[in-house]
A.B. asks: 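To start, I am sharing the structure in question, which I have written as structure tokens.
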Amino acid sequence: MSDGRAAKRVAKFIKPLRVKPGSTVDLTEDFDPRYKAGMKKRDGVELLRTGVSLLADLQARLAAQDTYGVLFCLQAIDAGGKDGTIRHVMSGVNPQGVRVSSFKVPSAEELDHDYLWRYAQRLPSRGEIGIFNRSHYEEVLVVRVHPENLDRQKLPEEAKGPDVWQRRYREINDWERYLTDNGIKVVKVFLNLSKEEQRLRFLKRIDRPEKNWKFSAADVREREHWDDYQEAFSELLSATSTPWAPWYVVPADRKWFARICAAAVLAHTLIGIDPQYPSLDGQARKELLDARRGLEAEAP
Ligand code: AMP
Ligand code: MG
């Protein structure tokens, strides 16, 4: 397939997943976690293989060009499939060009700073793909669903009012715009899992010894806040899908399909950058040719 046709195919494939900037999202109504674009798993697995090699080529060029960085943010409810998505989607790319950062409950040092500080420290450099496994969006998710997290953030009184979430949306949008303007592209994927599929995945984590480590009793307690999370996700998707950093809602009930979607969203961003291997100017080319002659002359 030609590059142009591949680019068009990727763009068409991800279009239904994009949250239109300015639209109001109701997660339970607007996005179906079981959607699979009429695809069969067998074809999907083949397509992912194609996507992974496309990503490998794009990433090599991104690194060589050394001008743009890509920040890939992954958010999901527990058992949404973030780890497996990262493992599969990035399976073909050069590990030297990728940095994965996972964000947990903030440390004392992190709480002693403004809330975006720890995320800013993990940003990708130019030429790099940075993956956020959870991201700054936890600051309007878990922190919102459990406000005691906000109390721990040691904010001044005037920064804690009822408008704190609206303010954070604005600050996040501004930050992402700043990054984009400076050559760090921001890509955001939400793995949208159904409540029933979460139940089934939790059961597997309990029943299979090799999966036990992935489960904690706290996960079931979080599940009781399912509706609060759906609401918090709906609001953030509505408020922070911007022309410079739109959200993609990826149907996550079928892992194989979620992985194709995530790969396609990342590929779409890289295709948009269209990174090129640097080409040499006249002087550099002459030096190269001189070096070549020297090496040839050394031949035994
Ligand atoms: P896991 O990804 O399963 O290892 O869990 C990480 C935990 O850290 C989750 O329960 C998140 O909700 C929590 N977490 C991540 N970011 C924050 C944050 N900014 N404030 C409070 N808890 C967080
Ligand atoms: Mg967990």
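We count ligands from 1, going down the list as the structure has it; atoms in each ligand are counted the same way. All values below were derived from every heavy atom in this structure, side-chain atoms included, with hydrogens, water molecules and symmetry-related copies excluded.
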A.B. asks: Counting both backbone and side chain atoms, is some N or O of V143 under 3.5 Å from an N or O of ligand 1?
C.D. replies: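 No, no N or O pair falls under 3.5 Å.
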
A.B. asks: Could you say whether the N/O atoms of Q153 and ligand 1 ever approach to under 3.5 Å?
C.D. replies: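 No.
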
A.B. asks: Distance under 4.0 Å to a non-hydrogen atom of F103: what atoms of ligand 1 satisfy this?
C.D. replies: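 So the atoms of ligand 1 that pass are 15 (C).
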
A.B. asks: With ring-ring contact (aromatic ring centres under 6.0 Å, His included) as the test, pick out the partner of Y137 among Y115, W247, W165, F190.
C.D. replies: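 Among the candidates, only W247 passes.
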
A.B. asks: Who's closest to atom 10 (O) of ligand 1 heavy-atom-wise, of R152, K104, R134, E222?
C.D. replies: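 Of the listed residues, R134 has the closest heavy atom.
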
A.B. asks: Determine, considering heavy atoms only, which of N149, L141, N133 sits nearest to atom 21 (C) of ligand 1.
C.D. replies: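 Among N149, L141, N133, the closest heavy atom to atom 21 (C) of ligand 1 comes from N149.
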
A.B. asks: Centres of the H136 and W175 rings: under 6.0 Å?
C.D. replies: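 When the ring centroids of H136 and W175 are compared, they turn out to be within the sub-6.0 Å range.
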
A.B. asks: Is it the side chain, the backbone, both or neither of A218 that has a heavy atom closer than 4.0 Å to ligand 1?
C.D. replies: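 The answer is neither.
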
A.B. asks: Go through Q230 and H225 one step at a time and tell me if the side chain to side chain donor-acceptor pair (under 3.5 Å) criterion holds.
C.D. replies: CA-CA 9 Å; Q230 293 294 111; H225 298 281; over 6 Å; no

A.B. asks: Below 30° counts as parallel, above 60° as perpendicular, anything between as tilted: where do the rings of W117 and H113 land?
C.D. replies: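 The arrangement is parallel - the two ring planes meet at less than 30°.
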
A.B. asks: Relative to ligand 1, is Y119 under 4.0 angstrom through side chain, backbone, both or neither, heavy atoms considered?
C.D. replies: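 It is the side chain that touches ligand 1; the backbone stays farther off.
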
A.B. asks: With heavy-atom distances below 4.0 Å as the criterion, list the atoms of ligand 1 near V142.
C.D. replies: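 Contacts of ligand 1 toward V142, numbered from 1: 12 (O), 17 (C), 18 (C), 20 (N), 21 (C), 22 (N), 23 (C).
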
A.B. asks: Start with the C-alpha distance between R293 and D290, add both sets of side-chain angles, then the distance that settles salt bridge (Lys or Arg N to Asp or Glu O under 4.0 Å), and finish with yes or no.
C.D. replies: CA-CA 5 Å; R293 260 193 298 278; D290 286 348; 2.7 Å; yes

A.B. asks: Out of all atoms in ligand 1, which are within 4.0 Å of some heavy atom of R118? Include the element for each.
C.D. replies: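 Near R118, meaning under 4.0 Å from one of its heavy atoms, ligand 1 has 16 (N), 17 (C), 18 (C), 19 (N).
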
A.B. asks: Judged on heavy-atom distance to atom 19 (N) of ligand 1, which of K82, E110, E139 sits nearest?
C.D. replies: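 Looking at heavy atoms only, the winner is E139.
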
A.B. asks: Just so I know, are the side chains of V89 and V52 near enough to count as touching, which here means a heavy-atom distance under 4.5 Å?
C.D. replies: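 No. Closest side-chain heavy atoms not under 4.5 Å.
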
A.B. asks: Can you label the angle between the Y119 ring and the F103 ring as parallel, tilted or perpendicular, going by 30° and 60°?
C.D. replies: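 Taking F103 first and then Y119, their aromatic rings sit tilted (interplane angle of 30° to 60°).
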
